[in-house]
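We use all heavy atoms of the structure for the numbers below, so side chains are in, but hydrogens, waters and symmetry mates are not.
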Amino acid sequence: MDKQEGPADILSLTVEAAEAAAGMLPLDMVGAVADLVDPAAVAREMPWLAGELTKIALGRSDLSFDQRDQRFTDQAWRTIPYFRILGQSYRLFELWINRMQESVDGSWQDKARARFAADVITAALSPANYLGTNPAALRKAAATGGLSLAAGAQNMLKDLARGGMPSMVDRKQFVVGQDLACTPGAVVYREEMFELLQYTPSTPRVRGIPLLMIPPQINRHYIMDLSPGRSLAEFAVSQGIQTFMIVWRNPNSLLGHGKWGLDDYLAATERASEVVKKIMRSEKVNFLGLCAGGITLAYVLAHLATIGDESPGSATFVVTMLTGDKPNVVGMLDTSQSRAILEQAAAAEQIVPGTALRSLFAMLRPNDLVYNYLVSGWLMGQSPAPFDVLAWNDDATRTTAKFALESTRLAMDGWDGNGPTVLDIKTDFGKVTCDSYHVGGYTDHITAWRACYDTAHLVGGSDKQMTLIRSGHIQSVVYPADSTRYDRWYAPPTPTDPDQWITTATLEHGSWWRPWTEWLTARSGTERQARTHLGNRHYPPLGPAPGTYVYQ
């Protein structure tokens with residue numbers, strides 16, 4: 001640090017660097033940067049900032065890193081003056097940005113956008129991200145005679161060619177249909193929007209009422225049929241549940257799929273349900289919806305209730321939020337400019353690239369999901385480790401702008417009356433009468449658990465259960481039955497206040513899969529002999545699971 005620079009000069013350079021990093025923020029989220037450098041807040045913090053800068057320059061600062069921060073575990077950050085000054089200066093910058101963020105006034109959306117902007121900026125400016133200021137990367141380059149740099153350059157060029165984000169995983173080790181999405185079954189129905197899978201029973205006797213799983217439209221279905229032993233679909237089948245899965249087609253603008261909107265997905269789900277009922281000769285169907293698939297399920301249930309269709313036997317909602325009343329990612333990203341751009345794209349029947357969605361969600365946790373892999377892959381020259389969840393995450397899908405717009409409007413703008421208008425009919429969630437099971441993730445950064453709790457109160461029915469996993473969005477889903485990695489709270493969602501509920505709910509170790517299948521089995525009818533053939537005369541098998549749409 002140049003000792004001739006005063007606090008004002010340092011602050012000017014800091015703001016310039018922050019503005020440069022803000023260029024990675026989506027759409028008009030850059031406006032949140034202005035909130036972070038409010039002149040009044042800056043003036044209040046100037047004495048503290050100037051004092052800490054002086055201590056760093058003189059080697060008298062006691063600023064230390066968070067012990068949980070894996071970026072700065074190397075001892076060079078504490079023992080070598082060059083790296084110590086860099087590290088402490090960055091730590092001071094982090095603390096300063098945090099103070100600026102905490103001073104932001106306004107709605108929860110304004111505060112969330114400021115927090116998002118602060119996270120993106122501070123993550124991008126970490127000295128650990130750059131070769132000349134990362135002691136571990138420099139040491140490895142010297143030890144390998146530059147081979148780590150050559151390998152890192154190759155990794156970087158490959159990543160730039162595929163979109164620019166550093167690779168999280170080596171997908172070559174996970175082949176869809178062999179290592180992932182490999183629960184035995186068949187495609188028993190196919191149309192333009194989806195394929196319907198029926199999984200092969202693995203028990204001699206099965207329950208009479210089938211289960212239809214509805215995956216999110218913005219991800220591959222096999223997050224619910226991951227690798228063997230980690231597949232929710234596989235486990236449901238092993239418990240005697242006759243299980244079906246919708247596999248949404250990856251929309252293609254060349255095929256005119258940009259016209260698909262929310263109503264189209266709702267109607268498609270109802271068609272899938274009718275096929276399931278005919279194949280199984282059942283008047284009832286149990287449903288499970290995950291994330292955006294859970295939103296689809298809620299609207300379908302409300303529509304069926306409104307038209308007097310009593311076929312839903314039960315509903316399971318996994319990490320599903322229906323409104324934007326509580327803090328959530330959709331509301332944080334829903335700005336005036338982003339909405340205007342989405343409206344234009346929907347009018348033009350455009351399709352949002354899968355890489356754009358993947359990058360956006362990664363930037364919600366930039367240190368863990370972006371720069372961690374940049375350092376290991378580009379600076380250290382390491383190959384990404386194999387991991388089934390990351391292989392699924394890397395298999396990005398597209399979504400139509402129309403679907404994204406209509407879903408955002410319903411969640412964030414509210415409804416006239418008790419429910420939304422779907423399929424040209426005014427619906428009421430309160431008219432839903434089937435039992436429901438709700439799953440949330442305590443540290444979920446996409447569908448906040450309090451918003452998921454509200455879903456249990458919006459959807460009607462007298463018998464409801466809520467379980468909250470002490471984990472994030474995906475870990476709450478992929479939680480094998482015999483694992484005890486995370487705690488979970490569970491109890492009927494009786495209080496309207498989720499924070500009141502969690503103080504009285506039962507807390508225990510273990511997965512929700514087994515308690516859920518026990519709950520589901522009680523609502524799946526009587527046992528019968530498992531059929532040896534899938535489909536029926538009207539819906540014969542069209543090919544083995546996982547079908548063809550999963551590869552598009």
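Contact check on Arg230 versus Asp225 returns no salt bridge, with no Lys/Arg side-chain nitrogen under 4.0 Å from an Asp/Glu carboxylate oxygen. One finds no salt bridge joining Asp435 and Lys464 here, because no Lys/Arg side-chain nitrogen approaches an Asp/Glu carboxylate oxygen to under 4.0 Å. A salt bridge links Glu274 to Lys277: one of the charged nitrogens lies within less than 4.0 Å of a carboxylate oxygen. Using a cut-off of 4.0 Å between Lys/Arg side-chain N and Asp/Glu carboxylate O, Asp325 and Arg450 are scored as not salt-bridged. With respect to Lys402 and Glu343, no salt bridge is recorded, no charged nitrogen being found less than 4.0 Å from a carboxylate O. Salt bridge Lys431/Asp428: absent, no basic N to carboxylate O contact under 4.0 Å. Using a 4.0 Å cut-off between charged nitrogen and carboxylate oxygen, Lys259 and Glu349 do not count as a salt-bridge pair.
The shortest non-hydrogen separation linking Pro210 to Val276 is CG-CG1, 3.5 Å. Across every non-hydrogen atom of Asp388 and Ser227, the tightest pair is OD2-OG, 2.6 Å. Scanning both residues, Ala186 and Pro541, for their nearest heavy atoms gives CB-CB, 4.0 Å. Here the closest non-hydrogen pair linking Trp449 and Tyr442 is CD1-O, 3.6 Å. Contact between Gly547 and Glu195 at its shortest, heavy atoms only, is CA-OE1, 3.5 Å. Here the shortest heavy-atom pairing between Met193 and Tyr549 reads C-CE1, 4.3 Å.
Between the side chains of Ser202 and Ser238, not a single donor N or O lies within less than 3.5 Å of an accepting N or O. Using modelled atom types and a 3.5 Å distance limit, the side chains of Trp516 and Thr316 yield a donor-acceptor pair. A side-chain donor-acceptor contact under 3.5 Å links Ser167 and Asp159. Side chains of His457 and Thr455: a donor-acceptor N/O pair is absent below 3.5 angstrom, by distance only.
Using a 4.5 Å cut-off on side-chain heavy atoms (C-beta onward), Ser282 and Ile209 make contact. Counting heavy atoms from C-beta outward, Leu197 and Val188 have side chains that stay 4.5 Å or more apart. The closest side-chain heavy-atom distance from Trp512 to Val318 is below 4.5 Å. Using a 4.5 Å cut-off on side-chain heavy atoms (C-beta onward), Pro546 and Tyr222 make no contact. Put simply, the side chain of Phe387 does not reach to within 4.5 Å of the side chain of Met168, judged on heavy atoms. Inter-residue side-chain proximity for Arg531 and Asn536 is flagged as met; some heavy-atom pair is nearer than 4.5 Å. Counting only heavy atoms from C-beta outward, the side chains of Leu212 and Leu196 approach each other to under 4.5 Å. By the 4.5 Å heavy-atom criterion applied to side chains, Met412 and Val330 are counted as neighbours.
Taking the ring centroids of Phe429 and Trp415, they lie under the 6.0 Å cut-off. Residues Phe403 and Tyr265 bring their aromatic ring centres within 6.0 Å.
Note that OG1 of Thr355 is 10.0 Å distant from CZ of Arg398, once rounded to the nearest 0.5 Å. Separation of atoms CZ (Arg365) and CG (Asn372) is listed at 10.0 Å; rounding is to 0.5 Å. One finds the CG atom of Leu180 at 7.0 Å from the SG atom of Cys182 (value rounded to the nearest 0.5 Å). Of the inter-residue distances, the one linking Gln198 atom CD with Tyr539 atom OH reads 13.0 Å to the nearest 0.5 angstrom. Taking CG from Asp444 and CD from Gln475, the interatomic distance works out to 9.0 Å, rounded to the nearest 0.5 Å. Between the CG atom in Asp334 and the CG atom in Leu405 there is a gap of 9.0 Å [rounded to 0.5 Å].
Between the side chain of Thr399 and the main chain of Ile218, no donor-acceptor pair closer than 3.5 Å is present. Side chain of Thr517 to main chain of Arg514: a donor-acceptor pair is present (N/O by atom type, distance under 3.5 Å, no hydrogens or angles). Judged by distance alone, the side chain of Asp413 and the main-chain N or O of Leu410 form no donor-acceptor pair under 3.5 Å. With hydrogens and angles disregarded, no donor-acceptor distance shorter than 3.5 Å links the side chain of Gln465 to the backbone of Ser436. Asp170 places no side-chain N or O within 3.5 Å of a backbone atom of Ala385 that could act as its donor or acceptor partner. Side-chain atoms of Asp487 do not come within 3.5 Å of backbone N or O of Arg470 as any donor-acceptor pair.
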Can you give each donor-acceptor pair under 3.5 Å made by side-chain atoms of residues 283-304, sequence neighbours left out, with the distance rounded to 0.1 Å?
| from | atom 1 | to | atom 2 | distance (Å) |
| --- | --- | --- | --- | --- |
| Lys284 | NZ | Glu310 | O | 2.5 |
| Asn286 | OD1 | Ser314 | N | 3.0 |
| Asn286 | OD1 | Ser314 | OG | 2.8 |
| Asn286 | ND2 | Arg523 | O | 3.2 |
| Asn286 | ND2 | Ser524 | OG | 3.3 |
| Thr296 | OG1 | Gln217 | NE2 | 2.7 |
| Thr296 | OG1 | Ala292 | O | 3.1 |
| His303 | ND1 | Glu270 | OE2 | 2.7 |

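The stretch residues 239-256 participates, sequence neighbours left out, in these side chain to side chain donor-acceptor pair (under 3.5 Å) pairs: Arg249-Gln552.
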Evaluation steps, side chain to side chain contact (heavy atoms under 4.5 Å, CB included), between Arg220 and Thr397: CA-CA 7 Å; Arg220 298 292 186 184; Thr397 61; 3.3 Å; yes
Test side chain to side chain contact (heavy atoms under 4.5 Å, CB included) applied to Asp394 and Leu390, step by step: CA-CA 6 Å; Asp394 196 58; Leu390 291 180; over 6 Å; no
Please step through ring-ring contact (aromatic ring centres under 6.0 Å, His included) for the pair Tyr199 and Phe244, ending with a clear verdict. CA-CA 6 Å; Tyr199 292 108; Phe244 291 75; 8.5 Å; no
Given the rule in the side chain to side chain contact (heavy atoms under 4.5 Å, CB included) test, do Gln529 and Arg205 qualify, once you have shown the distances and angles that lead to the verdict? CA-CA 5 Å; Gln529 190 71 26; Arg205 298 184 65 80; 3.6 Å; yes
Intermediate values then yes/no, side chain to side chain contact (heavy atoms under 4.5 Å, CB included), Thr521 and Ile241: CA-CA 7 Å; Thr521 297; Ile241 304 296; 3.8 Å; yes
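In this structure, Phe317 and His438 have parallel ring planes: the angle between them is below the 30° cut-off, well short of the 60° mark. Taking the six-membered ring where the residue is Trp, Tyr189 and Phe194 present tilted rings, their angle falling between 30° and 60°. Between Trp513 and Phe235, the ring-plane angle classifies as tilted under the 30° and 60° cut-offs.
With sequence neighbours excluded, no residue forms a salt bridge (charged side-chain N to carboxylate O under 4.0 Å, His left out) with Arg207.
Counting non-hydrogen atoms of neighbouring residues, nucleotides and ligands closer than 6.0 angstrom, the NE2 atom of His509 reaches no more than 12 such neighbours. Within 6.0 Å of the CZ atom in Arg485, the count of heavy atoms belonging to other residues, nucleotides or ligands does not exceed 12.
A cation-pi arrangement is present between Arg488 and Tyr490, with the terminal nitrogen or guanidinium carbon under 6.0 Å from the aromatic centre and inside a 45° cone about the axis.
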